[in-house]
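Take a look at the structure set out below.
Small disclaimer: the values here were computed from a predicted structure and weren't measured. Note that ligands are numbered from 1 as they come in the structure, with each ligand's atoms numbered from 1 the same way.
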Amino acid sequence: MEKILVVGSAGQIGSELILTLRNIYGNDNVIGTGRKTAPSQAVLDSGPFEFFNAVNRDDLYNVCKKYDINVIINMAAILSGTGEQNPMLAWDVNMNGLLNVLEIAREMKMKQVLVPSSIAVFGPGTPLDKAPQETVLKPTTMYGLTKVAGELLCDYYVNKYGLDVRGLRYPGIISHETLPGGGTTDYAVAIYYEAIKNKKYTCFVKEDTRLPMMYMPDCIKATIDLMQADFSKLKHHSDFNLGAMSFNVKELADSIKKRIPEFEISYEPDFRQAIADSWPNDVDDTAAREEWGWKPDYDLEAMTEDMLKNIQIKHDKGLI
Ligand code: SER
């Protein structure tokens, strides 16, 4: 039976992933953790939660022992924007936290570890269109650099120790439950909130900035599908490209304007423009499709419809 630790379950993805995992594996079998951000009430109410910093090896080890953990999902990371403002923190959380996860999983002979990677592994030299699975990985951000090193480290544990480690390169993730924190792709979430609240948004990247993106239900589906995939069928392990949709900011704004005609967008690019420009427009995810049957459900229009509906509900309830 799985006893799953979701490191970073107060974050944008972790806060939703943990609830889905609790539905599948049972509330008491999925333990949430957070560093300092308070988790949602739904996460607190539905099962165990522990506050600690995974960079502290003893704390991580003690929680794994306490709950007899045999699967760790490491969602804790400092993203690209915050990482450029505090590179040492990004290195510490993203590398030392990961190393603790892998070492403890190896020592305790765990069943599985899942560690997300990101489109941030790409950089100059990567083809901008349909970035291949195997390609140049020379990121310019500390976040991207830790994700490349992380992928290699995870594959090292597969090859050297036979540990079942899996990972996928998330595109920008768009959702309406928990806000993202400190990423370059955060504009694609903020734009929806501002469209509902103020009918206007000032974007920190230019209108022709095109990036790979994904709606949260697809992100959760991909993560759980990869967890449940037959390990013997996987040729890749820690670095699956994962695609769903690709759009530039103008196309995103236009999809909102179709539903909120008075919505206005303006542009004030900041340091995140250079980060966005270093990432590809879209990715080739053939390996994920072939090795574990990946197929996304949402395109831009379906996502916009659902995002605006759900954020309007939050707004009507006075929650935002
Ligand atoms: N959403 C992340 C970021 O923008 C990319 O993985 O940093």
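- Closest to atom 4 (O) of ligand 1 among all protein heavy atoms lies T184 N, 2.6 Å.
- For the pair D284 (side chain) and Q133 (backbone), a donor-acceptor distance under 3.5 Å is absent.
- When only modelled atom types and interatomic distance are considered, T223 and Y170 share a side-chain donor-acceptor pair under 3.5 Å.
- No side-chain donor from either of D208 and N248 sits under 3.5 Å from a side-chain acceptor of the other.
- The Y143 neighbourhood of ligand 1 comprises atoms 5 (C), 6 (O), 7 (O), with distances under 4.0 Å to a heavy atom of that residue.
- Not a single N or O atom of D186, backbone or side chain, sits closer than 3.5 Å to an N or O atom of ligand 1.
- Regarding atom 5 (C) of ligand 1, its nearest protein heavy-atom neighbour is S118 OG, 3.4 Å.
- Of the protein's non-hydrogen atoms, the one nearest atom 1 (N) of ligand 1 is T185 OG1, 2.8 Å.
- Residue contact check: L79 has heavy atoms under 4.0 Å from atoms 7 (O) of ligand 1.
- In terms of protein heavy-atom proximity, atom 7 (O) of ligand 1 is nearest to S80 OG, 2.6 Å.
- The backbone N or O of P132 sits nowhere less than 3.5 Å from a side-chain atom of T135 that would complete a donor-acceptor pair.
- At least one donor-acceptor pair under 3.5 Å links the side chain of T126 to the backbone N or O of G123.
- Test R166, E290, E134 against H236 for side-chain hydrogen bond (donor to acceptor under 3.5 Å, both in side chains) and you get one pass: E134.
- At a heavy-atom cutoff of 4.0 Å, ligand 1 is contacted by the side chain of W279 but not by its backbone.
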